[in-house]
Amino acid sequence: MNNPTVYPLAMRVVHWLMAALILSLLFVGLSMVTSLGLWQYQLLTWHKAAGLVAAVAVVLRLAIRLRLNTPRLPENMPKLQQFAAKLTHLAFYLLLLLMPVTGYLMQNAAGRPINAFGIMLPQLIPTDLAWYGLFRELHAWFSVLLILLIILHITAASYHGLIKRDGVLRSMIRK
Amino acid sequence: MRYWALVAVPTVLTAAFFYAASDNRHEVSAQDFVNLQQGNAIQPGFRRAHAKGFCVSGDFISSGTLAEYSSAQVFQAGQYPFIGRFSVAGNNPTAPDLKAPVRSLALTLLPETAEQWRTAMNTPPVLAVGTPEKFYQQLLALQNNTIAEFFAAHPETAAFRNWRASYQPTLSYATEQYHSINAFYLINAAGKQQAVRWAAVPTVGAANQLPDPEAVDALQQELFARLSDGPVIFDLVFSLATSADDENDATIIWPDTNPQLIAGQLQIKQATEQSNGQCNAINFDPLVLPRGILPSADPILRARGAAYAESHRRRAREVLLNTATGAHHE
(Lines give C-alpha, C1' and ligand atoms only; values in the text may rest on other atoms or scores of the structure.)
Protein backbone atom coordinates (compact mmCIF):
# COMPACT_ATOMS: atom_id res chain seq x y z
CA MET A 1 0.00 0.00 0.00
CA ASN A 2 1.48 3.34 -1.05
CA ASN A 3 1.70 6.14 1.47
CA PRO A 4 0.95 9.55 -0.10
CA THR A 5 2.48 12.70 1.39
CA VAL A 6 -0.39 14.95 0.35
CA TYR A 7 -4.14 14.51 0.48
CA PRO A 8 -5.75 13.51 -2.84
CA LEU A 9 -6.81 16.50 -4.96
CA ALA A 10 -10.52 15.73 -4.47
CA MET A 11 -10.13 15.87 -0.70
CA ARG A 12 -8.10 19.06 -0.75
CA VAL A 13 -10.67 20.79 -2.96
CA VAL A 14 -13.57 19.63 -0.78
CA HIS A 15 -11.68 20.58 2.40
CA TRP A 16 -11.06 24.18 1.38
CA LEU A 17 -14.48 24.72 -0.18
CA MET A 18 -16.13 23.34 2.95
CA ALA A 19 -13.87 25.42 5.17
CA ALA A 20 -15.14 28.56 3.44
CA LEU A 21 -18.76 27.33 3.56
CA ILE A 22 -18.69 26.27 7.22
CA LEU A 23 -16.99 29.48 8.38
CA SER A 24 -19.57 31.52 6.45
CA LEU A 25 -22.41 29.48 7.93
CA LEU A 26 -21.08 30.01 11.45
CA PHE A 27 -20.54 33.76 11.09
CA VAL A 28 -23.91 34.26 9.38
CA GLY A 29 -25.61 32.06 11.98
CA LEU A 30 -24.12 34.00 14.89
CA SER A 31 -25.04 37.33 13.29
CA MET A 32 -28.59 36.53 12.24
CA VAL A 33 -29.77 35.53 15.73
CA THR A 34 -28.88 38.94 17.18
CA SER A 35 -29.29 41.34 14.27
CA LEU A 36 -32.47 43.31 13.66
CA GLY A 37 -31.00 44.60 10.40
CA LEU A 38 -32.52 44.63 6.94
CA TRP A 39 -30.21 41.81 5.85
CA GLN A 40 -31.30 39.43 8.59
CA TYR A 41 -34.00 37.94 6.36
CA GLN A 42 -31.56 37.29 3.51
CA LEU A 43 -28.97 35.88 5.93
CA LEU A 44 -31.53 33.44 7.31
CA THR A 45 -32.62 32.36 3.84
CA TRP A 46 -28.99 31.90 2.79
CA HIS A 47 -28.10 30.04 5.99
CA LYS A 48 -30.83 27.43 5.39
CA ALA A 49 -29.92 26.88 1.74
CA ALA A 50 -26.18 26.77 2.45
CA GLY A 51 -26.79 24.43 5.40
CA LEU A 52 -28.44 21.95 3.05
CA VAL A 53 -25.49 22.23 0.66
CA ALA A 54 -23.10 21.63 3.56
CA ALA A 55 -25.08 18.55 4.61
CA VAL A 56 -24.72 17.03 1.15
CA ALA A 57 -21.05 18.07 1.02
CA VAL A 58 -20.13 16.38 4.30
CA VAL A 59 -21.70 13.10 3.20
CA LEU A 60 -19.80 13.28 -0.11
CA ARG A 61 -16.61 14.11 1.74
CA LEU A 62 -17.01 11.18 4.09
CA ALA A 63 -17.54 8.91 1.07
CA ILE A 64 -14.39 10.25 -0.59
CA ARG A 65 -12.39 9.93 2.63
CA LEU A 66 -13.38 6.29 3.07
CA ARG A 67 -12.39 5.45 -0.51
CA LEU A 68 -9.06 7.26 -0.83
CA ASN A 69 -5.71 6.88 0.87
CA THR A 70 -4.78 9.74 3.17
CA PRO A 71 -1.24 10.65 4.25
CA ARG A 72 -0.02 9.19 7.53
CA LEU A 73 0.98 11.55 10.30
CA PRO A 74 4.78 11.86 10.80
CA GLU A 75 6.37 8.78 12.50
CA ASN A 76 8.08 10.94 15.12
CA MET A 77 4.88 12.69 16.18
CA PRO A 78 3.97 11.76 19.79
CA LYS A 79 1.31 9.07 20.02
CA LEU A 80 -0.92 11.31 22.12
CA GLN A 81 -0.84 14.02 19.43
CA GLN A 82 -1.60 11.43 16.75
CA PHE A 83 -4.55 10.23 18.80
CA ALA A 84 -5.74 13.84 19.35
CA ALA A 85 -5.53 14.49 15.60
CA LYS A 86 -7.66 11.45 14.80
CA LEU A 87 -10.15 12.31 17.52
CA THR A 88 -10.41 15.88 16.16
CA HIS A 89 -11.12 14.62 12.66
CA LEU A 90 -13.75 12.22 13.95
CA ALA A 91 -15.38 14.99 15.99
CA PHE A 92 -15.40 17.20 12.90
CA TYR A 93 -17.32 14.66 10.87
CA LEU A 94 -19.73 14.05 13.73
CA LEU A 95 -20.43 17.77 14.29
CA LEU A 96 -20.63 18.52 10.58
CA LEU A 97 -23.39 15.90 10.39
CA LEU A 98 -25.13 17.01 13.61
CA MET A 99 -25.27 20.69 12.65
CA PRO A 100 -27.53 20.24 9.59
CA VAL A 101 -29.54 17.49 11.30
CA THR A 102 -30.40 19.69 14.30
CA GLY A 103 -30.95 22.68 12.00
CA TYR A 104 -33.37 20.66 9.90
CA LEU A 105 -35.25 19.26 12.88
CA MET A 106 -35.58 22.63 14.62
CA GLN A 107 -37.22 23.98 11.46
CA ASN A 108 -39.54 20.95 11.50
CA ALA A 109 -40.44 21.53 15.15
CA ALA A 110 -41.15 25.20 14.38
CA GLY A 111 -43.50 24.07 11.59
CA ARG A 112 -41.51 26.06 9.04
CA PRO A 113 -41.30 24.69 5.54
CA ILE A 114 -37.85 23.77 4.22
CA ASN A 115 -37.60 24.48 0.54
CA ALA A 116 -34.54 22.94 -1.07
CA PHE A 117 -34.28 24.98 -4.23
CA GLY A 118 -37.98 24.65 -4.97
CA ILE A 119 -38.54 21.18 -3.51
CA MET A 120 -40.44 20.87 -0.23
CA LEU A 121 -38.56 18.56 2.15
CA PRO A 122 -40.59 16.37 4.52
CA GLN A 123 -41.45 17.35 8.08
CA LEU A 124 -40.03 14.49 10.17
CA ILE A 125 -41.18 15.57 13.63
CA PRO A 126 -44.34 17.39 14.76
CA THR A 127 -44.63 21.14 15.30
CA ASP A 128 -43.91 21.24 19.02
CA LEU A 129 -42.35 23.67 21.51
CA ALA A 130 -40.34 21.12 23.52
CA TRP A 131 -38.91 19.56 20.34
CA TYR A 132 -38.07 23.03 19.08
CA GLY A 133 -36.41 23.83 22.41
CA LEU A 134 -34.31 20.68 22.20
CA PHE A 135 -33.07 21.07 18.64
CA ARG A 136 -32.67 24.84 18.84
CA GLU A 137 -30.42 24.50 21.90
CA LEU A 138 -28.51 21.55 20.43
CA HIS A 139 -27.92 23.51 17.23
CA ALA A 140 -26.45 26.33 19.32
CA TRP A 141 -24.31 24.07 21.54
CA PHE A 142 -22.99 22.06 18.61
CA SER A 143 -22.05 25.30 16.87
CA VAL A 144 -20.00 26.31 19.93
CA LEU A 145 -18.25 22.92 19.92
CA LEU A 146 -17.62 23.24 16.21
CA ILE A 147 -16.10 26.70 16.66
CA LEU A 148 -13.80 25.40 19.44
CA LEU A 149 -12.81 22.50 17.22
CA ILE A 150 -12.06 24.81 14.29
CA ILE A 151 -9.86 27.01 16.49
CA LEU A 152 -8.04 23.91 17.79
CA HIS A 153 -7.66 22.51 14.28
CA ILE A 154 -6.30 25.75 12.79
CA THR A 155 -3.96 26.23 15.74
CA ALA A 156 -2.62 22.69 15.38
CA ALA A 157 -2.22 23.10 11.61
CA SER A 158 -0.35 26.38 12.18
CA TYR A 159 1.89 24.66 14.72
CA HIS A 160 2.79 21.98 12.18
CA GLY A 161 3.26 24.53 9.41
CA LEU A 162 5.08 27.26 11.32
CA ILE A 163 7.01 25.45 14.04
CA LYS A 164 7.43 21.77 13.22
CA ARG A 165 7.45 22.18 9.44
CA ASP A 166 6.84 18.45 9.18
CA GLY A 167 4.65 18.45 6.06
CA VAL A 168 1.34 18.04 7.90
CA LEU A 169 0.03 21.46 6.85
CA ARG A 170 1.55 21.06 3.39
CA SER A 171 -0.35 17.78 2.91
CA MET A 172 -3.61 19.75 2.71
CA ILE A 173 -2.23 22.61 0.61
CA ARG A 174 0.34 21.50 -1.91
CA LYS A 175 0.40 19.05 -4.75
CA MET B 1 8.31 35.59 14.87
CA ARG B 2 6.88 32.21 13.96
CA TYR B 3 5.74 31.76 17.53
CA TRP B 4 4.01 35.13 17.43
CA ALA B 5 2.20 34.01 14.32
CA LEU B 6 1.20 30.82 16.08
CA VAL B 7 -0.34 32.84 18.90
CA ALA B 8 -1.90 35.40 16.55
CA VAL B 9 -3.83 32.86 14.45
CA PRO B 10 -6.08 31.46 17.19
CA THR B 11 -6.33 34.83 18.93
CA VAL B 12 -7.65 36.62 15.86
CA LEU B 13 -10.00 33.74 15.10
CA THR B 14 -11.39 33.63 18.63
CA ALA B 15 -11.85 37.40 18.64
CA ALA B 16 -13.72 37.23 15.32
CA PHE B 17 -16.10 34.58 16.66
CA PHE B 18 -16.67 36.52 19.86
CA TYR B 19 -17.41 39.65 17.86
CA ALA B 20 -19.86 37.83 15.60
CA ALA B 21 -21.67 36.27 18.56
CA SER B 22 -21.86 39.48 20.60
CA ASP B 23 -25.24 41.18 20.64
CA ASN B 24 -23.63 44.36 21.99
CA ARG B 25 -22.29 45.32 18.57
CA HIS B 26 -25.83 46.28 17.53
CA GLU B 27 -27.45 49.48 18.76
CA VAL B 28 -30.45 47.31 19.62
CA SER B 29 -30.29 43.52 19.28
CA ALA B 30 -33.04 40.93 19.17
CA GLN B 31 -32.00 40.00 22.72
CA ASP B 32 -32.30 43.62 23.92
CA PHE B 33 -35.80 43.79 22.49
CA VAL B 34 -37.01 40.59 24.08
CA ASN B 35 -35.35 41.48 27.40
CA LEU B 36 -37.30 44.72 27.42
CA GLN B 37 -40.56 43.03 26.43
CA GLN B 38 -40.36 40.26 28.99
CA GLY B 39 -39.51 42.62 31.84
CA ASN B 40 -38.48 41.28 35.23
CA ALA B 41 -41.32 38.86 35.82
CA ILE B 42 -40.59 36.10 33.33
CA GLN B 43 -43.57 33.90 32.51
CA PRO B 44 -41.98 30.57 31.59
CA GLY B 45 -43.25 29.02 28.37
CA PHE B 46 -45.21 32.08 27.29
CA ARG B 47 -44.61 34.50 24.44
CA ARG B 48 -42.63 37.57 25.51
CA ALA B 49 -45.08 39.80 23.68
CA HIS B 50 -48.78 39.03 23.34
CA ALA B 51 -48.55 36.37 26.05
CA LYS B 52 -52.31 36.29 26.65
CA GLY B 53 -54.36 34.67 23.94
CA PHE B 54 -56.02 31.54 22.60
CA CYS B 55 -55.98 29.34 19.52
CA VAL B 56 -58.47 29.32 16.68
CA SER B 57 -58.76 27.40 13.45
CA GLY B 58 -60.86 27.53 10.34
CA ASP B 59 -60.75 27.97 6.60
CA PHE B 60 -59.83 30.75 4.26
CA ILE B 61 -62.25 30.88 1.33
CA SER B 62 -60.09 32.45 -1.35
CA SER B 63 -62.04 34.35 -3.99
CA GLY B 64 -59.20 34.20 -6.52
CA THR B 65 -59.33 37.99 -6.87
CA LEU B 66 -55.61 38.28 -6.13
CA ALA B 67 -54.55 35.43 -8.42
CA GLU B 68 -53.52 37.91 -11.11
CA TYR B 69 -51.25 39.66 -8.58
CA SER B 70 -49.67 36.68 -6.82
CA SER B 71 -48.80 33.11 -7.68
CA ALA B 72 -49.26 32.03 -4.03
CA GLN B 73 -51.62 29.08 -3.73
CA VAL B 74 -53.59 30.84 -1.03
CA PHE B 75 -54.73 33.45 -3.59
CA GLN B 76 -55.98 30.92 -6.13
CA ALA B 77 -59.73 30.35 -5.72
CA GLY B 78 -60.34 27.58 -3.20
CA GLN B 79 -60.64 26.67 0.46
CA TYR B 80 -57.50 26.53 2.60
CA PRO B 81 -57.18 25.63 6.31
CA PHE B 82 -55.52 27.89 8.85
CA ILE B 83 -54.41 27.84 12.47
CA GLY B 84 -54.66 31.18 14.24
CA ARG B 85 -54.45 33.01 17.49
CA PHE B 86 -56.27 35.95 19.04
CA SER B 87 -54.22 37.81 21.63
CA VAL B 88 -53.78 41.04 23.52
CA ALA B 89 -50.55 43.01 23.81
CA GLY B 90 -48.35 42.61 26.86
CA ASN B 91 -46.12 40.07 28.56
CA ASN B 92 -48.59 38.91 31.20
CA PRO B 93 -50.55 35.75 30.29
CA THR B 94 -53.19 36.49 32.93
CA ALA B 95 -53.71 40.21 32.26
CA PRO B 96 -57.32 41.38 31.84
CA ASP B 97 -58.35 41.29 28.16
CA LEU B 98 -60.13 44.62 28.33
CA LYS B 99 -57.14 46.53 29.71
CA ALA B 100 -54.87 45.84 26.75
CA PRO B 101 -54.25 48.70 24.30
CA VAL B 102 -53.78 46.41 21.30
CA ARG B 103 -55.53 43.24 20.09
CA SER B 104 -54.15 40.85 17.53
CA LEU B 105 -55.05 38.15 15.10
CA ALA B 106 -52.23 35.93 13.88
CA LEU B 107 -52.63 33.28 11.20
CA THR B 108 -50.75 30.39 9.64
CA LEU B 109 -52.52 29.55 6.42
CA LEU B 110 -51.80 26.18 4.81
CA PRO B 111 -49.75 25.01 7.82
CA GLU B 112 -47.09 22.35 7.29
CA THR B 113 -46.98 22.90 3.55
CA ALA B 114 -44.47 24.64 1.29
CA GLU B 115 -47.23 27.15 0.51
CA GLN B 116 -47.54 28.17 4.15
CA TRP B 117 -48.19 31.84 4.88
CA ARG B 118 -47.91 33.43 8.33
CA THR B 119 -49.22 36.84 9.25
CA ALA B 120 -49.42 38.65 12.60
CA MET B 121 -51.98 41.46 12.45
CA ASN B 122 -52.73 44.13 15.04
CA THR B 123 -55.52 46.63 15.64
CA PRO B 124 -53.39 49.75 14.90
CA PRO B 125 -53.09 50.35 11.14
CA VAL B 126 -49.71 52.06 11.53
CA LEU B 127 -46.65 52.09 13.74
CA ALA B 128 -45.56 55.14 15.71
CA VAL B 129 -41.98 55.00 14.43
CA GLY B 130 -40.16 53.50 11.48
CA THR B 131 -37.06 51.73 12.79
CA PRO B 132 -36.44 49.01 15.40
CA GLU B 133 -34.09 51.34 17.30
CA LYS B 134 -36.79 54.00 17.66
CA PHE B 135 -39.40 51.36 18.42
CA TYR B 136 -37.16 50.18 21.26
CA GLN B 137 -36.98 53.76 22.57
CA GLN B 138 -40.78 53.96 22.34
CA LEU B 139 -41.19 50.81 24.47
CA LEU B 140 -38.67 52.22 26.96
CA ALA B 141 -40.62 55.49 27.09
CA LEU B 142 -43.84 53.56 27.73
CA GLN B 143 -42.22 51.77 30.66
CA ASN B 144 -40.70 54.95 32.03
CA ASN B 145 -43.87 57.02 31.63
CA THR B 146 -42.11 59.41 29.26
CA ILE B 147 -44.20 58.55 26.23
CA ALA B 148 -45.57 62.10 25.89
CA GLU B 149 -42.01 63.43 25.56
CA PHE B 150 -41.16 60.65 23.15
CA PHE B 151 -44.14 61.47 20.91
CA ALA B 152 -43.30 65.18 21.02
CA ALA B 153 -39.74 64.46 19.94
CA HIS B 154 -40.84 62.21 17.06
CA PRO B 155 -43.18 63.93 14.58
CA GLU B 156 -43.53 60.73 12.54
CA THR B 157 -45.75 59.40 15.35
CA ALA B 158 -48.60 61.72 14.23
CA ALA B 159 -50.59 59.10 12.28
CA PHE B 160 -50.33 56.62 15.12
CA ARG B 161 -51.40 59.22 17.69
CA ASN B 162 -54.38 60.21 15.54
CA TRP B 163 -55.43 56.60 15.28
CA ARG B 164 -55.03 56.09 19.02
CA ALA B 165 -57.12 59.17 19.79
CA SER B 166 -60.00 58.00 17.59
CA TYR B 167 -59.84 54.26 18.32
CA GLN B 168 -62.72 52.84 20.33
CA PRO B 169 -62.10 49.24 21.40
CA THR B 170 -65.15 47.05 20.76
CA LEU B 171 -66.53 44.37 23.05
CA SER B 172 -65.45 41.49 20.81
CA TYR B 173 -62.41 40.12 19.01
CA ALA B 174 -64.84 39.49 16.14
CA THR B 175 -65.57 43.16 15.57
CA GLU B 176 -62.04 44.57 15.39
CA GLN B 177 -59.96 45.31 12.31
CA TYR B 178 -56.56 43.67 12.27
CA HIS B 179 -53.85 45.18 10.07
CA SER B 180 -50.70 43.77 8.52
CA ILE B 181 -49.20 47.21 9.35
CA ASN B 182 -46.06 46.55 7.29
CA ALA B 183 -46.19 46.29 3.51
CA PHE B 184 -45.31 43.29 1.37
CA TYR B 185 -45.03 42.59 -2.34
CA LEU B 186 -47.33 40.32 -4.26
CA ILE B 187 -45.45 38.69 -7.14
CA ASN B 188 -47.38 37.20 -10.03
CA ALA B 189 -46.36 34.42 -12.43
CA ALA B 190 -44.86 36.99 -14.81
CA GLY B 191 -42.68 38.31 -11.98
CA LYS B 192 -44.53 41.62 -11.70
CA GLN B 193 -44.62 43.00 -8.18
CA GLN B 194 -47.27 45.07 -6.39
CA ALA B 195 -46.79 46.55 -2.91
CA VAL B 196 -49.73 45.80 -0.61
CA ARG B 197 -50.95 45.95 2.94
CA TRP B 198 -53.88 43.93 4.17
CA ALA B 199 -56.41 43.83 6.97
CA ALA B 200 -58.91 41.36 8.39
CA VAL B 201 -62.14 43.36 8.36
CA PRO B 202 -65.12 42.24 10.47
CA THR B 203 -68.37 41.29 8.76
CA VAL B 204 -70.64 41.93 11.74
CA GLY B 205 -71.46 45.07 13.69
CA ALA B 206 -70.11 45.82 17.14
CA ALA B 207 -71.47 43.76 20.02
CA ASN B 208 -73.05 45.68 22.84
CA GLN B 209 -72.51 43.34 25.76
CA LEU B 210 -70.09 40.81 27.15
CA PRO B 211 -71.04 37.53 28.87
CA ASP B 212 -68.95 38.64 31.87
CA PRO B 213 -67.38 42.12 31.65
CA GLU B 214 -65.54 41.58 34.94
CA ALA B 215 -63.77 38.41 33.82
CA VAL B 216 -60.04 38.52 33.14
CA ASP B 217 -60.69 36.66 29.92
CA ALA B 218 -63.86 38.57 29.01
CA LEU B 219 -63.00 38.75 25.32
CA GLN B 220 -62.01 35.11 25.15
CA GLN B 221 -65.33 34.06 26.74
CA GLU B 222 -67.17 36.27 24.28
CA LEU B 223 -65.50 34.70 21.26
CA PHE B 224 -65.98 31.14 22.52
CA ALA B 225 -69.70 31.90 23.06
CA ARG B 226 -69.98 33.52 19.65
CA LEU B 227 -68.42 30.48 17.96
CA SER B 228 -71.07 28.20 19.44
CA ASP B 229 -73.56 30.10 17.23
CA GLY B 230 -71.49 29.69 14.07
CA PRO B 231 -68.27 30.80 12.41
CA VAL B 232 -66.73 34.21 12.98
CA ILE B 233 -66.03 35.75 9.60
CA PHE B 234 -63.61 38.41 8.40
CA ASP B 235 -62.98 39.73 4.92
CA LEU B 236 -59.29 39.73 4.04
CA VAL B 237 -58.97 43.10 2.32
CA PHE B 238 -55.85 44.14 0.40
CA SER B 239 -54.90 47.74 -0.16
CA LEU B 240 -52.71 48.28 -3.24
CA ALA B 241 -49.95 50.87 -3.03
CA THR B 242 -49.84 53.63 -5.61
CA SER B 243 -46.77 55.52 -6.72
CA ALA B 244 -47.53 58.03 -3.94
CA ASP B 245 -47.01 55.43 -1.18
CA ASP B 246 -43.74 54.39 0.46
CA GLU B 247 -44.03 50.67 1.18
CA ASN B 248 -41.00 50.82 3.49
CA ASP B 249 -42.56 53.30 5.90
CA ALA B 250 -45.17 51.85 8.26
CA THR B 251 -45.80 55.16 10.04
CA ILE B 252 -48.09 56.50 7.32
CA ILE B 253 -51.65 55.38 6.57
CA TRP B 254 -52.35 54.70 2.91
CA PRO B 255 -55.35 56.58 1.48
CA ASP B 256 -58.77 54.86 1.35
CA THR B 257 -58.83 55.79 -2.32
CA ASN B 258 -56.12 53.19 -3.07
CA PRO B 259 -57.54 50.12 -4.84
CA GLN B 260 -59.08 47.74 -2.26
CA LEU B 261 -59.44 44.08 -3.19
CA ILE B 262 -61.09 41.34 -1.13
CA ALA B 263 -58.84 38.27 -1.30
CA GLY B 264 -61.46 36.10 0.39
CA GLN B 265 -63.10 35.29 3.69
CA LEU B 266 -61.49 34.07 6.88
CA GLN B 267 -63.97 31.71 8.53
CA ILE B 268 -62.99 31.00 12.13
CA LYS B 269 -64.73 27.81 13.24
CA GLN B 270 -63.07 26.47 16.40
CA ALA B 271 -61.32 27.93 19.40
CA THR B 272 -59.19 26.26 22.11
CA GLU B 273 -57.19 27.37 25.13
CA GLN B 274 -53.65 28.08 24.02
CA SER B 275 -52.10 25.62 26.47
CA ASN B 276 -53.49 22.71 24.46
CA GLY B 277 -54.00 24.38 21.09
CA GLN B 278 -51.98 23.95 17.93
CA CYS B 279 -51.15 27.65 17.80
CA ASN B 280 -49.04 27.47 20.94
CA ALA B 281 -46.04 25.94 19.16
CA ILE B 282 -46.17 28.42 16.30
CA ASN B 283 -44.04 31.52 16.09
CA PHE B 284 -46.20 33.84 13.99
CA ASP B 285 -43.20 35.29 12.18
CA PRO B 286 -44.60 37.47 9.38
CA LEU B 287 -41.53 36.68 7.29
CA VAL B 288 -42.69 33.07 6.75
CA LEU B 289 -44.05 33.64 3.27
CA PRO B 290 -44.93 31.41 0.32
CA ARG B 291 -43.60 32.05 -3.17
CA GLY B 292 -45.70 34.87 -4.60
CA ILE B 293 -45.29 37.09 -1.51
CA LEU B 294 -42.07 38.93 -0.58
CA PRO B 295 -41.32 41.24 2.34
CA SER B 296 -40.80 44.94 1.75
CA ALA B 297 -37.59 46.54 3.04
CA ASP B 298 -39.50 48.15 5.93
CA PRO B 299 -36.87 48.06 8.74
CA ILE B 300 -39.44 47.10 11.37
CA LEU B 301 -40.80 44.23 9.30
CA ARG B 302 -37.27 42.87 8.78
CA ALA B 303 -36.59 43.19 12.52
CA ARG B 304 -39.64 41.14 13.47
CA GLY B 305 -38.04 37.87 12.31
CA ALA B 306 -35.09 37.85 14.73
CA ALA B 307 -37.06 39.31 17.64
CA TYR B 308 -39.88 36.76 17.32
CA ALA B 309 -37.29 33.98 16.97
CA GLU B 310 -35.60 35.01 20.24
CA SER B 311 -38.94 34.94 22.09
CA HIS B 312 -39.71 31.54 20.54
CA ARG B 313 -36.30 30.21 21.55
CA ARG B 314 -36.66 31.31 25.17
CA ARG B 315 -40.09 29.87 25.75
CA ALA B 316 -39.25 26.65 23.92
CA ARG B 317 -36.21 26.20 26.17
CA GLU B 318 -38.41 26.74 29.22
CA VAL B 319 -40.96 24.20 28.02
CA LEU B 320 -38.17 21.73 27.26
CA LEU B 321 -36.65 22.11 30.74
CA ASN B 322 -40.10 21.82 32.29
CA THR B 323 -40.76 18.62 30.35
CA ALA B 324 -37.31 17.24 31.13
CA THR B 325 -37.56 17.90 34.85
CA GLY B 326 -41.14 16.65 34.99
CA ALA B 327 -42.35 19.94 36.41
CA HIS B 328 -46.02 20.69 36.03
CA HIS B 329 -46.68 22.47 32.78
CA GLU B 330 -49.82 24.48 32.45
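Chain letters run A, B, ... following the sequence lines, proteins first, then strands; residues in each count from 1.
Contacts between N283(B) and chain A at a heavy-atom distance below 4.5 Å involve the side chain alone, from C-beta outward. Using a 4.5 Å cut-off between heavy atoms, F33(B) touches chain A through its side chain atoms alone. Neither the backbone nor the side chain of R291(B) comes within less than 4.5 Å of any heavy atom of chain A. Of the atoms belonging to L23(A), it is side-chain heavy atoms, and not backbone ones, that fall under 4.5 Å from chain B. Only the side chain of Y41(A) comes within less than 4.5 Å of a heavy atom of chain B; its backbone N, CA, C and O stay farther away. With a 4.5 Å cut-off on non-hydrogen atoms, T108(B) does not touch chain A at all. With a 4.5 angstrom heavy-atom cutoff, R304(B) does not touch chain A via any of its atoms. V28(B) touches chain A through backbone and side chain together, each having a heavy atom under 4.5 Å away.
Between F54(B) and F86(B), the distance from one ring center to the other falls under 6.0 angstrom. A centroid separation of 6.0 Å or more is found between the aromatic rings of H15(A) and Y7(A).
For F75(B), the ring-ring contact (aromatic ring centres under 6.0 Å, His included) criterion is met by W117(B), F238(B), not counting sequence neighbours.
Of the listed residues I282(B), D23(B), L13(B), V7(B), the one with more heavy-atom pairs under 4.5 angstrom with chain A than any other is L13(B). The candidate from L38(A), T127(A), I147(A), L148(A) with the greatest count of non-hydrogen atom pairs under 4.5 Å with chain B is L38(A). Ranked by heavy-atom pairs shorter than 4.5 Å toward chain A, the options H312(B), E318(B), E310(B), Q278(B) are led by H312(B). In terms of heavy-atom pairs under 4.5 Å with chain A, the best-connected choice from R313(B), E112(B), R315(B) is R313(B). By number of non-hydrogen pairs under 4.5 angstrom with chain B, the leading residue of Q42(A), M106(A), R165(A) is R165(A). With chain B as the partner, the residue from I154(A), I150(A), L134(A) showing the most heavy-atom pairs under 4.5 Å is L134(A).
Side-chain contact between L52(A) and P100(A) is absent, with no heavy-atom pair separated by less than 4.5 Å. Taking 4.5 Å as the limit, every side-chain heavy atom of V6(A) sits out of range of all side-chain heavy atoms of I173(A). Taking the side chain as every heavy atom from C-beta outward, R65(A) and Y93(A) approach each other to under 4.5 Å.
In this structure, a donor-acceptor pair under 3.5 Å is present between the side chains of W198(B) and T119(B). N182(B) and D298(B) are linked by a side-chain donor-acceptor pair at a separation below 3.5 angstrom, with hydrogens and angles left out of the test. In this model, a donor atom of one side chain and an acceptor atom of the other lie less than 3.5 Å apart for R25(B) and S31(A). A side-chain donor from one of N122(B) and S104(B) sits under 3.5 Å from a side-chain acceptor of the other.
Counting only residues at least two apart or on different chains, the side-chain hydrogen bond (donor to acceptor under 3.5 Å, both in side chains) pairs with a member in residues 103-122 of chain A are K48(A)-Q107(A), R112(A)-D285(B). Residues in residues 143-157 of chain A take part in no side-chain hydrogen bond (donor to acceptor under 3.5 Å, both in side chains) pair, two or more places apart or across chains.
Near-neighbour residues of residues 127-140 of chain B relative to chain A, defined by a heavy atom under 4.5 Å from a heavy atom of that chain, comprise P132(B).
Evaluated for a side chain to side chain contact (heavy atoms under 4.5 Å, CB included) with Q116(B), the options V74(B), V288(B), L289(B) yield exactly one hit, V288(B).
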